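A quick write-up on the structure given underneath.
Not measured: the values here are computed from a predicted model. Chain letters run A, B, ... following the sequence lines, proteins first and then strands; every chain starts at 1.
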Amino acid sequence: MTIDIARLRRQLLAWYDQEGRTLPWRIRPEDRIAGGPVADPYAIWLSEIMLQQTTVPHATPYWHRFLSLWPTVQDLAVAPRDDVLREWAGLGYYARARNLHACAIEVATDHDGQFPDTLDGLRSLPGIGDYTANAILAAAFDKPASVVDGNVERVITRLHRVETAMPKAKPEVRKLAAAIADPDRSGDYAQAIMDLGATVCTPRKPDCSACCWSFACAASAVGDMERYPVKAPRKVKPVRRGTAWLVRRAGRIWLRKRGDAGLLGGMTEVPSSPWLETGHASEAPPLEAEWADRGEVRHVFTHFELRLAVREGEASPGWEPDSGYWADERDLGNEALPSVMRKVLAARRS
DNA sequence: CAGGCGTGGGC
DNA sequence: TGCCCAAGCCT
């Protein structure tokens, strides 16, 4: 069967003009100045990086904070990377922060501070993949684009009842989505279809009665919306265990900076034993001290669950760590502490 | 290219 | 409580 693409576009944009959300980084159609810039590409880019796998409520305060600290891409480019990581702490997926800084430097130095306005130009920058490049193209430059994020995947797979499981269905979904994307109101269309997925065509209990696309939706027609997108079964999450050592002395605490690559790369940590799925039974403390049990910190990462036994001890006057540094406990706000390490620190005696 | 890579909220 | 989910990217 064929789909009335013109009607889909018309009804989606009409719905968006009426019901679309106002988001801090977006300029609503009615607030735009004819001939003026559609939006600040830097602010749009910043929002898109923060929103990768992250909810709008979680990302929004970070977006405001970053813009106030670093109003332009040049400001961000010359900022110390540790400052960027510190401000990103709590947002997760810290490779995004490392790439964010690298991207700012590249735009500032190689592109004269101007974000590229082409798909290939954007895609070549660190941290910008297919989705983000299209999102910037649409939101910042109003150029023809097709954004395919999780929302769009859900809307499109339901519209067409795509039976192929994700992520194998991605090429098919991309093609179906591109056929509908409106090149004439690219920015509004991109925001509209994501809004539709976020507020109407939701993962559970979608509100088809309020959906401007229900007239054409194959899944809604048979009442089997929640079947889509089809996904492969999840794998079980292993448990890793270790011991974190809270070493204190005279109002200071022993901290370390993690290596750049991998989990929590570049972030601050409380020193700990390796995190292992098996064994580890008797991990030797890093120094001789009287160790107090501070319970267990549990933290769930994307691909494993961590259970850290927390022990606290006071270092003798002569002892110095062979790695890391002493941090004043009043200055922990200056540290790039991921959430799991905040939990560990919160377990210490106050 | 399947898997590594955070976090917090909803139910 | 445990599971699912959220505007993905990189290797």
Side-chain angles (χ1 to χ4, degrees), chain A residues 20-21 23-26 44-63 85 88-100 102-103 122-140 145-155 165-168 170-171 173-174 177 187 189-199 201-206 226 229 231-240 258 260-267 269 275 297-306 336-343:
Chain A
R21 293 180 296 175
L23 299 171
W25 41 87
R26 289 284 299 170
I44 293 294
W45 162 74
L46 187 59
S47 75
E48 291 299 343
I49 303 300
M50 288 182 169
L51 288 166
Q52 290 168 4
Q53 297 290 285
T54 305
T55 59
V56 168
H58 192 190
T60 299
Y62 287 81
W63 183 82
L85 293 181
W88 196 275
L91 253 194
Y93 285 138
Y94 297 100
R96 292 186 297 170
R98 303 194 296 273
N99 285 331
L100 184 88
C103 182
L122 288 164
R123 277 237 43 179
S124 72
L125 293 167
I128 299 184
D130 190 62
Y131 160 76
T132 304
N134 277 281
I136 295 172
L137 221 47
S146 176
V147 297
V148 182
D149 69 339
N151 290 307
V152 176
E153 282 177 357
R154 188 168 55 254
V155 170
M166 303 301 297
K168 186 179 283 186
K170 278 177 181 291
V173 171
R174 192 186 340 270
Y189 175 87
Q191 189 58 46
I193 190 169
M194 289 191 286
D195 268 12
L196 189 68
T199 65
C201 192
T202 48
R204 286 178 300 274
K205 301 190 185 309
E226 295 187 19
K231 290 184 178 174
R234 303 221 160 191
K235 296 184 174 172
V236 293
K237 203 166 281 198
V239 176
R240 297 185 192 173
R258 294 173 65 91
D260 242 25
L263 187 72
L264 309 177
M267 304 297 284
E269 69 172 357
W275 304 345
V297 162
R298 290 192 184 200
H299 193 79
V300 180
F301 292 98
T302 307
H303 55 297
F304 68 93
E305 175 187 338
L306 179 64
L337 289 166
S339 292
V340 61
M341 292 302 157
R342 290 177 191 273
K343 288 187 192 174

Close side-chain approach of Val155(A) to Met194(A), heavy-atom, < 4.5 Å | no

To the nearest angstrom, the CZ-P distance between Arg154(A) and dC4(C) comes to 16 Å

Those residues at least two apart in sequence (or on a different chain) that pass salt bridge (Lys or Arg N to Asp or Glu O under 4.0 Å) with Arg258(A) are Glu269(A)

Atom CG of Leu51(A) and atom C1' of dG8(C) are separated, to the nearest Å, by 11 Å

* **Euclidean distance for C1', dC5(B) against dC1(B) (whole angstrom)** => 16 Å

Which is true for Ile193(A) with a 4.0 Å heavy-atom rule: it touches a base, it touches only sugar-phosphate, or it touches nothing?
nothing

For Trp88(A), answer base if it contacts any base atom (sugar-phosphate contacts may also be present), sugar-phosphate if it contacts only those atoms, and nothing otherwise; contact means non-hydrogen atoms under 4.0 Å.
nothing

Protein heavy-atom contacts under 4.0 Å, written 5' to 3' over nucleotides 4-11 of chain B as B (base), S (sugar-phosphate only) or - (none), form the string SBBBS---

message = Within the 4.0 Å heavy-atom criterion, would you say Gln191(A) contacts the bases, only the backbone, or no part of the nucleic acid?
response = base

Q) Within a strict 4.5 Å, meaning less than it, do heavy atoms of the Trp45(A) and Leu122(A) side chains meet? A) no

Whole-Å distance, Met194(A) CE to dA6(C) C1', equals 13 Å

Taken to the nearest whole Å, CE/Met166(A) to P/dA6(C) is 12 Å

Do Phe301(A) and His303(A) have their ring centres less than 6.0 Å from each other?
no

Sequence neighbours excluded, the answer for side chain to side chain contact (heavy atoms under 4.5 Å, CB included) partners of Glu305(A) is Val239(A), Arg298(A), Val300(A), Arg307(A)

Between Thr202(A) and Pro126(A), the residue closer to the 5' end of DNA chain C by nearest nucleotide is Thr202(A)

From CD of Glu153(A) across to C1' of dC5(C) the rounded distance in Å is 13 Å

Side chains of His58(A) and Met50(A) in contact at under 4.5 Å (non-hydrogen atoms)
no

Using a heavy-atom cut-off of 4.0 Å across all strands, would you classify Ser47(A) as base, sugar-phosphate, or nothing? nothing

Closest to the 5' end of DNA chain C, once Arg298(A) and Asp130(A) are matched to their nearest nucleotides, is Arg298(A)

To the nearest angstrom, the CG-C1' distance between Leu100(A) and dG8(C) comes to 14 Å

Separation of dG2(C) atom P from Arg234(A) atom CZ, nearest Å, is 16 Å

Are side-chain heavy atoms of Val147(A) and Tyr131(A) found at a separation under 4.5 Å? yes

Roughly how far apart, to the nearest Å, are dC9(C) and dG8(B) at atom P? 22 Å

